[in-house]
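We use all heavy atoms of the structure for the numbers below, so side chains are in, but hydrogens, waters and symmetry mates are not. First listed ligand is number 1; within each ligand, the first listed atom is number 1. Residue numbers start at 1 and run along the sequence shown.
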Amino acid sequence: MAVGKVYLVGAGPGDPGLITMRGVECLERAEVVVADHLVNPALLAYASLGAEVIVRPARRHGPWASQDEINRLLIDRGTAGKRVVRLKGGDPFVFGRGGEEAEALAAAGVPFEVVPGVTAAIAVPAYAGIPITNRGLSGIVAFATGHEADDDPSTIDWDAVARGASTLVLYMSVRRLEKVVARLLAAGRSPSEPVAVVEWGTFRRQRTITATLGDVVQKAAAAGLEPPALTIVGQVVRMREKISWFERAQPDQRILLLSTKDDDEPLDRPGVEVTRVSPLTVVPHFAVVKAALERLDQVRTIAFASAHSVDAIVGALLATGQDVRRLAGLKLAAVGAASARRLEQMHLRADLVAGAGGARLAEEIRDARFEGPVLLPRAAGGREELADGLIKAGYAVEPLDAYETIPDGTALAQAVRAHRVRPFDAIGFASPRGATAFLEAAGDAKAVSQSLIGAIGDTTRAALEAAGALVGVVPAQPSLAALLDGLSAALAARAKIE
Ligand code: SAH
């Protein structure tokens, strides 16, 4: 059997955005993930659904696997031919025992790769507003572990550390703060020197206390600081008074948008972390569209109900050895800005753009004096509203079920898992089918009861309500951007009340 490979991956200190791209790539491909308790569980959402995920609990929360057991587990899965990710907090080689794991793998002949991470001593001071080598204040930094402060004699030459480095960054130091501080004072550091202790750095729950070497032990105890925490000693700590940024910022709103709409509305807003998932896959009905194209000389106008319907028509033209010149002489109407933009990308200009939702399409087409018959490419199983409106306005209509949408099981399962790991503040649904598919994948509407729910329009609202979900937001305009803005405003209003 082929030997597998073990990736010793640094997860960063907490904020899930601080893992490397290589780290994410390894996680996505892993068959086995062995994670430490300090790793942010949100990162496990990158692992594939079929992966075996093992999380090593904190020692104090037992049952705890010893380092030997972890080494054996890695070697066992590696020799069984698996791609294994060993996910470790911060950087695997900085106080992470990654060296010992690499040694064990090397001795067992299991190939491995080390993917560095952002270590706590780099990221945590940064998130606390402490530039560890600020010019003029600090030209040398020492990273040390407080773990051995109790040992006598210590493996660390505390005198040399205290004298040699302007800034000290101490891992594993809260529990032994008294000992660590005693060592530094004994080695000649001043009791008035500034100190910061940062608990759960880069996580939303980050807490920082500032003190001096003289009173930090008492202040940390009074604040009840617990591991994981990092201690920073040096004049640079003062910089925090001016440039602390993370603790002052409002937490980002986390919004999930479920939309298969193939549009390109910009969805980045400051203070909002948008996760966009396409719950449905588009399957073009090629044979049906091809047959309709053969009768193209019988229509005078094409009304595109969606961007996907543009793709279906142009795609079928190209696939049959033709191109958009075949549409010369026809009037082109687009329902919604997204359909118009997709036409433009195909170098076609819509003669008329009806508002999204399309209720007024028929009137607008009539006002513009377009001639029938009208070819109406759209999603199969969609609403009849457009066709009915055109017929009422006196047009001969050829509805064309140009594509269908089917639930994308993988995308849905990933979105559901991300929501379970850390519930989204709000979820916006852009289609009734997408809404139903998501709720089915999540189990039922209870799974989203903690989140604010938004529907892009009334049909989607009805589908959500029929499934038992409480809809809090329906925007005035049926666009994804309006849905996002509506959800964001409602969350902000809610935060004010709380
Ligand atoms: N390999 C890790 C360190 C593991 S040792 C890294 O490179 O960061 C565990 C210690 O790291 C903790 O006791 C604490 O001192 C520090 N640490 C890790 N994550 C931290 C966080 N989010 N906030 C503060 N300290 C952290």
Self-check item: Arg461 to Phe429 six-membered ring, cation-pi geometry met (6.0 Å, 45°)
Solution: no
Quiz item: Among Gly98, Ala123, Ala120, which residue places a heavy atom closest to atom 8 (O) of ligand 1?
Solution: Ala120
Quiz item: Looking at Pro228, which atoms of ligand 1 are within less than 4.0 Å of one of its heavy atoms?
Solution: 20 (C), 24 (C), 25 (N), 26 (C)
Quiz item: Tell me, which protein residue and heavy-atom name are nearest atom 10 (C) of ligand 1, and how many Å apart are they?
Solution: Met172 CG, 3.8 Å
Exercise. Scan Val94, Ile156, Leu170 and name whichever one has a side-chain contact (heavy atoms from CB on, under 4.5 Å) with Thr145.
Key: Ile156
Quiz item: Is the backbone N or O of Arg83 less than 3.5 Å from a side-chain atom of Glu31, with the two atoms forming a donor-acceptor pair by type?
Solution: yes
Quiz item: In Å and rounded to the nearest 0.5 Å, what is the CZ to CD distance from Arg97 to Gln67?
Solution: 4.5 Å
Quiz prompt | Min N/O separation Gly201 to ligand 1 under 3.5 Å | solution = yes
Quiz prompt | Nitrogen or oxygen of Val198 less than 3.5 angstrom from that of ligand 1 | solution = no
Quiz item: Would you call Glu344 and Arg341 a salt bridge, taking side-chain N to carboxylate O under 4.0 Å as the test?
Solution: no
Quiz item: Can an N or O of Phe203 be found at a distance shorter than 3.5 Å from an N or O of ligand 1?
Solution: no
Practice problem: Look only at interatomic distance and state if Ala229 has a nitrogen or oxygen under 3.5 Å from any nitrogen or oxygen of ligand 1. | Solution: yes
Quiz item: What about Pro227: any of its N or O atoms under 3.5 Å from an N or O on ligand 1?
Solution: no
Quiz prompt | ligand 1 N/O within reach of Gly89 N/O, cut-off under 3.5 Å | solution = yes
Quiz item: Of all the non-hydrogen atoms in the protein, which one sits nearest to atom 3 (C) of ligand 1, and at what distance?
Solution: Val94 O, 3.5 Å
Self-check item: Shortest protein heavy-atom distance from atom 5 (S) of ligand 1, along with the residue and atom involved
Solution: Phe95 O, 3.3 Å
Quiz item: Do the rings of His308 and Tyr403 sit parallel, tilted or perpendicular, given the 30° and 60° boundaries?
Solution: perpendicular
Quiz item: Does ligand 1 have a heavy atom under 4.0 Å from the side chain of Val124, from its backbone, from both, or from neither?
Solution: side chain
Quiz prompt | Polar side-chain atom of Ser173 near backbone of Gly146 as donor-acceptor pair, under 3.5 Å | solution = no
Quiz item: Considering distance alone, does some N or O of Val118 sit under 3.5 Å from an N or O of ligand 1?
Solution: no
Practice problem: Identify which one of Pro125, Pro131, Ser138 satisfies the side-chain contact (heavy atoms from CB on, under 4.5 Å) criterion when paired with Thr167. | Solution: Ser138
Exercise. Would you check whether Thr202 reaches within less than 4.0 Å of ligand 1, judged by its heavy atoms?
Key: no
Quiz item: What is the closest protein heavy atom to atom 16 (C) of ligand 1, and at what distance does it sit?
Solution: Tyr171 CD2, 3.8 Å
Quiz item: So how far is it from Gln477 CD to Ile456 CD1, rounded to the nearest 0.5 Å?
Solution: 10.5 Å
Self-check item: Result of checking His37, Arg86, Lys88, Glu69 against Arg56 for side-chain contact (heavy atoms from CB on, under 4.5 Å)
Solution: Arg86
Self-check item: ligand 1 N/O within reach of Thr119 N/O, cut-off under 3.5 Å
Solution: yes
